[in-house]
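Data block below; observations after.
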Amino acid sequence: FISTPITMVLFAVGGIATYYLVNFGKTLDNGVIIDLLSVEKELIYDYISWHLILYISISLLIPIIIEFILVKYAILFSNKIIIGFPLTCLIIAVIHNIPQKLDFLGRPMLDYPPFKHFYVTQQFLTKYNFYTNQTKTKHDLTTTYTLEFTPTLNDPLTVVLVIGESMRGDINSLNGYTEYNNMPFLTSRPHLVSFPKAKSSATTTRVAIPYMLTNATPPDFEKAMNTKGIISLFKKLGFKTSWIGNQGLFGYYDANYASNALEADFIISNNDIRIHLNQKLIYDENLLPYVRNRLNEVKSNHLLVVHLIGSHWHFNNRYPDSFCHKLTPTCTSFSVSEVTNQELLNSYHNTVVYTDHVLNLILQELDTKNAILLYASDHGFSLNEQNIFGNAYEGPNIPKEQLTIEMFSWVSDQFLQNNK
């Protein structure tokens, strides 16, 4: 009654872990658990295929065969020994932290299942406990620091922060990438400065954004969760504040950066837009009417945060079929192991070109205003470098592609005239 369900669960988790390792280069670590538990259900579907069911089914055959042998030939085995001894060893190993002390082939036993499954789950629950109770009483920086804003003229100032998604800085034409001009609009814009050495604070959206919006620095995630962010600072300075996003705010374990968004006076998330447009798949371009309306409604100083879906996997779902600036061939499968590296890169570049198009439309709304815009991606993304795909890696050897991000600033002509 005890060993059979535990064994089945462990082998099922092993099948899932093997599927993600083979198809996405993802090992089951803390970051992956955060990603799977906190990402929206609409985005989880992009990581699932019939291959996953196959991996789980094959994995479950092993304990089923073992159980069959134990039942059929019970006279040859003592169930108490067969079941009790391994369970006792496992409990002793976990209690005394033996997997972390012993190594196998130069790596701690903790890196291997089943120890790893237990360890990363425990680490997730302790390290990234999202401090739900504490977020209700966040530290307010405006009580610690004196803030001052002195406008040069009476022109209302519009400050736009665009939080991107999975956009890398090292394969971006803004930073000298020459194989393909994936940002044709922004590379031709004046008053735009890119920061090619920018790095992200984390490899997952749910961890990176609280760091981006507060004065906390890694690894002090508790401070990031328990400090009011820049939205509150701008409110203290008399700015109207808005949040318009194409990612969810109130899903499971979303309380971390949702609490930052809730500091704003005006909030629209992708669920609001889905209901309004009566469609499930929302493209970043669908945010523009809401951005335009909000910019026109607010006549005073204004901070607007725009949260894009950007280059989130599956890449082909991030831009409409009607979008004409497309490289081909692109990914036709949800399993990365079934597409070529060139198809993968083409699809990724298409998401960047589409983001360039969306950002240019936002800048067109700001051209005639006294405005400044800052864009920064939450994290980078591995595109099969060293056979690793995706993001959400943690530990001492995080792939550099997952930390290298695009970040740039832009100012309008009027802002430049007012602030020479």
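Keep in mind that the numbers below use all heavy atoms, side chains included, and drop hydrogens, waters and symmetry copies.
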| Pair N391, T203: side-chain N/O donor-acceptor within cut-off below 3.5 Å | no
| request: Tell me, yes or no, whether the heavy-atom count around D321 atom CG, taken from other residues, nucleotides or ligands under 6.0 Å, exceeds 12. | output: no
| said: Closer than 3.5 angstrom, by distance alone: can the side chain of N419 be matched with the main-chain N or O of F415 as a donor-acceptor pair? | reply: yes
| task | Describe, in one word, how the ring planes of F323 and H357 are oriented to each other, choosing from parallel (under 30°), tilted (30 to 60°) and perpendicular (over 60°). | result | tilted
| note | Interatomic distance, CZ@F266 vs CD1@I244, rounded to 0.5 Å, equals 5.5 Å
| Hey, what do you get for CG (L161) to CE (M212), rounding to the nearest 0.5 Å? | 6.5 Å
| said: Pair F221, V207 - check side-chain contact (heavy atoms from CB on, under 4.5 Å), show working. | reply: CA-CA 8 Å; F221 189 67; V207 180; 3.7 Å; yes
| said: Does L281 form a side-chain contact (heavy atoms from CB on, under 4.5 Å) with Y283? I'd like the steps, not just the answer. | reply: CA-CA 7 Å; L281 196 58; Y283 302 110; 3.3 Å; yes
| Is any side-chain N of the basic residue among D367 and R189 closer than 4.0 Å to the acidic one's carboxylate O? | yes
| query | What are the two closest heavy atoms between N246 and I309, and how far apart are they? | reply | ND2-CG2, 3.2 Å
| query | So, the side chain of N293 versus the backbone of P289: is there a donor-acceptor pair under 3.5 Å, distance only? | reply | yes
| message | Check whether E365 reaches the backbone of I362 with its side chain - one donor and one acceptor, N or O, closer than 3.5 Å. | response | no
| Hey, does V305 have a side-chain heavy atom less than 4.5 Å from the side chain of N260? | no
| query | Would a 4.5 Å heavy-atom cut-off, applied to side chains only, mark L186 and L363 as touching? | reply | yes
| query | Of T355, T351, N350, D284, which is the lone residue that meets side chain to side chain donor-acceptor pair (under 3.5 Å) with Y319? | reply | N350
| task | Scan side-chain atoms only and decide if T368 and Q414 contain a donor-acceptor pair under the 3.5 Å cut-off. | result | no
| field | E385 and R168 ion-paired at < 4.0 Å | value | yes
| query | S377 side chain to S166 main-chain N or O, any donor-acceptor pair under 3.5 Å? | reply | yes
| remark: Rounded to the nearest 0.5 angstrom, the OG1-NE2 distance for T142 and H139 is 8.5 Å
| query | So, do L192 and L174 sit near enough that their side-chain heavy atoms are less than 4.5 Å apart? | reply | yes
| message | Nearest 0.5 angstrom please: R274 CZ to K280 NZ, how far? | response | 9.0 Å
| query | For residues H307 and S269, is any side-chain donor paired with an opposing acceptor at under 3.5 Å? | reply | no
| said: Under a 3.5 Å threshold, yes or no: a donor from one side chain and an acceptor from the other, between K138 and S259? | reply: yes
| Just by modelled atom types, is the S173 backbone N or O under 3.5 Å from a matching donor or acceptor in the N181 side chain? | no
| Candidate pair F239 and F149, rule ring-ring contact (aromatic ring centres under 6.0 Å, His included), full reasoning | CA-CA 10 Å; F239 281 68; F149 171 65; 5.2 Å; yes
| task | Check for a donor-acceptor pair, side chain of D378 on one end and backbone N or O of A208 on the other, with a separation under 3.5 Å. | result | no
| query | Is there a side-chain contact between L374 and V162 (heavy atoms, below 4.5 Å)? | reply | no
| remark: Taking every heavy atom of S382 against every heavy atom of P399, the minimum-distance pair comes out as OG-CB, 3.7 Å
| query | How about Y177 and H349: does a side-chain donor come under 3.5 Å of a side-chain acceptor? | reply | yes
| message | Is any side-chain heavy atom of T158 closer than 4.5 Å to one of L304? | response | no
| message | Side chains of T404 and D170: any donor to acceptor distance under 3.5 Å? | response | no
| Hey, does the side chain of S59 reach the backbone of A12 with a donor-acceptor pair shorter than 3.5 angstrom? | no
| said: Quick one, N301 and L237 - any side-chain contact, counting heavy atoms below 4.5 Å? | reply: no
| task | Answer yes or no: is there a side-chain heavy-atom contact under 4.5 Å between E297 and R294? | result | yes
| field | Test side-chain contact (heavy atoms from CB on, under 4.5 Å) applied to Y290 and D272, step by step | value | CA-CA 11 Å; Y290 303 92; D272 302 315; over 6 Å; no
| request: Ignoring hydrogens and angles, tell me if any N or O in the side chain of S311 forms a donor-acceptor pair with the backbone of M167 under 3.5 Å. | output: no
| said: What I want to check is whether the side chains of E165 and T205 have a donor and an acceptor closer together than 3.5 Å. | reply: yes
| request: Might you work through the side chain to side chain donor-acceptor pair (under 3.5 Å) test for H302 and S242, ending with a clear yes or no? | output: CA-CA 8 Å; H302 185 199; S242 309; 2.8 Å; yes
| Validation row, ring centre F408 to ring centre W410 under 6.0 Å | no
| Under 3.5 Å, is there a donor-acceptor pair between the side chain of T204 and the main chain of A392? | no
| Can you name the nearest heavy-atom pair linking S412 to H191, along with the distance? | C-CD2, 4.3 Å
| task | Applying side-chain contact (heavy atoms from CB on, under 4.5 Å), run through T227 and N215 and close with a yes or a no. | result | CA-CA 8 Å; T227 305; N215 65 339; 3.8 Å; yes
| Rounded to the nearest 0.5 Å, what separation is found between the OG atom of S333 and the CD atom of E338? | 3.5 Å
| field | Any side-chain donor near an acceptor of the partner, N346 and T330, under 3.5 Å | value | no
| Is the closest side-chain heavy-atom distance between N182 and D356 below 4.5 Å? | no
| field | Over 12 foreign heavy atoms within 6.0 Å of NE2, H276 | value | no
| message | Less than 6.0 angstrom separating the ring centers of F381 and F315, yes or no? | response | yes
| field | Side-chain donor or acceptor of E263 paired with backbone N/O of G229 under 3.5 Å | value | yes
| Separation between CG of D140 and NZ of K236, rounded to the nearest 0.5 Å | 7.5 Å
| Residues Q247, N270; criterion side chain to side chain donor-acceptor pair (under 3.5 Å); working and verdict | CA-CA 6 Å; Q247 296 201 44; N270 59 352; over 6 Å; no
